[in-house]
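What follows is one structure encoded as structure tokens, with my remarks underneath.
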Amino acid sequence: MAGRKFRLALIQLAVGASKTENLQRAATYITQAAKNGAKIVALPECCNSPYGNKFFPEFAESIPGESTDLFARSAKENKVYLIAGSIPERADEKIYNTCTVFDPNGVMVAKHRKLHLFDINIPGQITFEESKTLSSGNSLTVFDMELCKVGLGICYDLRFPELAQIYAKEGCRLIVYPGAFNMTTGPLHWELLQRARALDNQVYVATVSPARDETASYIAWGHSMVVDPWGKVISECDHKEDILYADVDLDYLESVREQIPVSKQKRSDLYKVVNCSDQ
Ligand SMILES: O=C(O)CCC(=O)C(=O)O
């Protein structure tokens, strides 16, 4: 693709109980996405393992390991940047929810450990405590591909606007969140959060979910999507296994920033509470 545009592919993978099968399926789809012109391909959160506290310790592996070896090979063979969703990573006697990124030579160029753990309690609907098995990462993660700096977050990280704001300030024009929202929070929050992050920061935002499996203990919402810097959803799928494509157009992004120059108009001189009285 000519100019300052590149094609992004999101793989809404059906993830099951066999790690080997999950990885093979991912590899097949990565090849298909590259054949269709994708320069950057992303997989979902927990792409080698079902999502759930009982699965994380069982599927956890070190990095490098079986899964990241396959990701590296796949990125190299297909000459793409690969944002390899996330996997449960075993390190320092802990388990992290970790996203690795490989360049078109198969070199790992980024590793993001989920920063904000998904600990919530919505009585009668969903209770989840990732912190029962997982530890959180402690650093923000960006990487540079030709044309564009990319920021990374994982699922619940999407709810924290400061992260996206810092990435935009650091020069990221695309933020990618492998994620797996659920049937309670997905319907209202998934799209809303992405559009908010995209519009506030005038960046492209992409989210990649696993496909929905109605028989799973945690049922993912699906609906992987890409939102442009105007806040518009430019590509979306439903809940089934699919590959989703979108063109990231950096000239368009710049034109949005010129038309509504909020980043230059910020009143940072006022955004510090020095004294707040309720009288
Ligand atoms: O924030 C949500 O509603 C879902 C988050 C989630 O599923 C996760 O972080 O894995």
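Remember, predicted model here, so these are calculated numbers, not experimental data. Just so you know, ligand 1 is whichever comes first in the structure, and atom 1 is the first atom listed for that ligand.
- Near ligand 1, E45, Y51, K114, F118, E130, C155, Y156, R159, A180, F181, N182, T185, Y218 each place a heavy atom less than 4.0 angstrom from the ligand.
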Please list every donor-acceptor pair under 3.5 Å in which a side-chain atom of residues 176-194 meets a protein atom from a residue at least two apart or in another chain.
{"from": "N182", "atom 1": "OD1", "to": "T184", "atom 2": "N", "distance (Å)": "2.9"}
{"from": "N182", "atom 1": "OD1", "to": "T185", "atom 2": "N", "distance (Å)": "2.9"}
{"from": "N182", "atom 1": "OD1", "to": "T185", "atom 2": "OG1", "distance (Å)": "3.2"}
{"from": "N182", "atom 1": "ND2", "to": "T185", "atom 2": "OG1", "distance (Å)": "3.1"}
{"from": "N182", "atom 1": "ND2", "to": "Y218", "atom 2": "OH", "distance (Å)": "3.2"}
{"from": "H189", "atom 1": "ND1", "to": "R159", "atom 2": "NH1", "distance (Å)": "3.3"}
{"from": "H189", "atom 1": "ND1", "to": "R159", "atom 2": "NH2", "distance (Å)": "3.0"}
{"from": "W190", "atom 1": "NE1", "to": "G222", "atom 2": "O", "distance (Å)": "3.4"}
{"from": "W190", "atom 1": "NE1", "to": "H223", "atom 2": "O", "distance (Å)": "2.6"}
{"from": "E191", "atom 1": "OE2", "to": "R195", "atom 2": "NH1", "distance (Å)": "3.2"}
{"from": "Q194", "atom 1": "OE1", "to": "T207", "atom 2": "OG1", "distance (Å)": "2.8"}
{"from": "Q194", "atom 1": "NE2", "to": "W190", "atom 2": "O", "distance (Å)": "3.0"}
{"from": "Q194", "atom 1": "NE2", "to": "T207", "atom 2": "OG1", "distance (Å)": "3.1"}

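- Between K149 and D144 no salt bridge is recorded (no basic side-chain N to carboxylate O distance below 4.0 Å).
- For H239, the ring pair (Phe, Tyr, Trp, His ring centres under 6.0 Å) criterion is met by no residue, not counting sequence neighbours.
- N48 has its side chain within reach of E61: a pair of non-hydrogen atoms, C-beta onward, lies under 4.5 Å apart.
- In terms of the ring pair (Phe, Tyr, Trp, His ring centres under 6.0 Å) criterion, residue partners of F160 (sequence neighbours excluded) are, by chain and number, H116, Y156.
- Judged purely by atom type and a 3.5 angstrom limit, S235 has no side-chain atom pairing as donor or acceptor with the backbone of L244.
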